[in-house]
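A short worksheet on the structure shown next.
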2 protein chains.
Amino acid sequence: MSLDIDLGTTARSAGRPREFDIDTALDKAISVFTERGYHGTSISDLRDAMGLTAGSLYKAFKDKRAIFLAAFDRYKQVRNALLDEELAKASNGRDGVYRMLCFYAENAHGQSGRHGCMAVGVAVEMAVFDDEAAAKVERSMDRFEDTFEALIRRGQEDGSVSRSIEPKATARLYLSVVQGLRVLGKTSPNREETFSVVDVAMKLLD
Amino acid sequence: MSLDIDLGTTARSAGRPREFDIDTALDKAISVFTERGYHGTSISDLRDAMGLTAGSLYKAFKDKRAIFLAAFDRYKQVRNALLDEELAKASNGRDGVYRMLCFYAENAHGQSGRHGCMAVGVAVEMAVFDDEAAAKVERSMDRFEDTFEALIRRGQEDGSVSRSIEPKATARLYLSVVQGLRVLGKTSPNREETFSVVDVAMKLLD
DNA sequence: TCAATTGGGAAACGATCGTTTCCTAATATG
DNA sequence: CATATTAGGAAACGATCGTTTCCCAATTGA
């Protein structure tokens, strides 16, 4: 009789068990990749941040790119979960848009603003030369755009958003604003300025 | 008697004259750095693109970082000149804002959209670890924000822009939109979507 | 208890990085 | 013409890159 520690779906495989948690390690990788970028991050950087030896890294992942893509997948998963949690509180369509904008504004200013956004980093640094990375970011962006659009339409039905605005184009603008705030947050992560943009953006729903 | 080829301010200095034009070479460097990023660009890449040997590069510039900073200075100079030229055509404040948004939308879509924006690249990749680069981008962003604000105020005086909007906050939003379009242009540089954002953004002036 | 299998970790790998050196070529100055 | 100065260009530099190898440790299944 033995305790089965594995909480996943598959039974533990043969061989010596991994001594570190993959997701915990990936969270560290996310932080390093976000701050330094893909090419600016060395295996040594990852090794130090993740608290592993290079050998262990290469046992768990095929190569540096695989670590990066896995980190990005986790980044999206974690952030999407947080956003969904926030949006669940929305009382109506307009409130949902506001919460979503504030969610990003909260991350685009101050320390986390300086630190940066991994999705923006991938788009800027990787999209041109890595089709798989590009597809991942595009999917992520499309998801956010669709969420904005759905909230706008919901607002038009519940009366909190003007019927005269175009949901698709306005959603695209919101997506642009949010990504732009992430860029500006790298050099001037002022809180008031960041949230003043949110206030102006909300006027588009009147 | 000899022709003085040097069109600059200083007389030609002693020693063998440089055989290439610095600005022409920097234009090539801008292209490479924009597409691959700072860390993704090697001296070999620059050597090939600029049509020089590494030795000549290091005669003209202190190191890789100096090439990058010089390229970024030139990038800003060239783009600012183009923008000023476009803004000179503006018939009023609102038209100026529209021309400025279109100027960026024109570059954020299609092939140049995929290629990317050097200022965004610097902000995302360099700002955290290079104070001088960060200061340069911030100055550049501030300049654009001030230009937007001035156009909005001009519009409020000439009657083309509503008096009830806040020039500063609205300018900041426009800046965000423009930088965001650059990010989105890396993965989905669709022309219609890009310009639809401009149309929505213009509604803020009513 | 004994293969088979997988992870941990140190060391080493070839490749490429950014940079310098060294020699020759071309100009200004005296 | 002689000297000083700077550029062009090939080759080489040490350092670091991403990755692999090798050996030992820990586990599963027979």
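All values below come from the heavy atoms of this structure, side chains included, with hydrogens, waters and symmetry mates left out. Letters go in sequence order (proteins before strands), and every chain restarts at 1.
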[Y] and [X] side chains, donor-acceptor separation under 3.5 Å:
{"X": "B:Arg172", "Y": "A:Ser188", "answer": "yes"}
{"X": "A:Asp27", "Y": "A:Thr24", "answer": "no"}
{"X": "B:Asn107", "Y": "B:Arg182", "answer": "no"}
{"X": "A:Thr34", "Y": "A:Ser31", "answer": "no"}

Rounded to whole angstroms, how far apart are [atom1] on [X] and [atom2] on [N]?
{"X": "B:Lys59", "N": "C:dA25", "atom1": "NZ", "atom2": "P", "answer": "14 Å"}
{"X": "A:Arg47", "N": "C:dG9", "atom1": "CZ", "atom2": "C1'", "answer": "11 Å"}
{"X": "A:Arg16", "N": "D:dT27", "atom1": "CZ", "atom2": "P", "answer": "8 Å"}

Judged by atom type as modelled, is there a donor-acceptor pair below 3.5 Å linking the side chain of A:Gln156 to the main-chain atoms of A:Ile165?
-> yes

Mark up nucleotides 12-19 of chain D, 5' to 3', with B wherever a protein heavy atom is under 4.0 angstrom from a base atom, S wherever such an atom reaches only the sugar-phosphate, and - elsewhere.
-> -----SSB

A:Phe72 ring center within less than 6.0 Å of A:Phe33 ring center = no

Among the candidates D:dA7, D:dA26, C:dT5, find the nucleotide nearest to the side-chain atoms of A:Ala14.
-> C:dT5

Spell out yes or no: do the side chain of B:Arg18 and the base of D:dA7 have one donor N/O and one acceptor N/O closer than 3.5 Å?
-> no

When all nucleic acid strands are considered with a 4.0 Å heavy-atom cut-off, which category describes A:Phe20: base, sugar-phosphate, or nothing?
-> sugar-phosphate

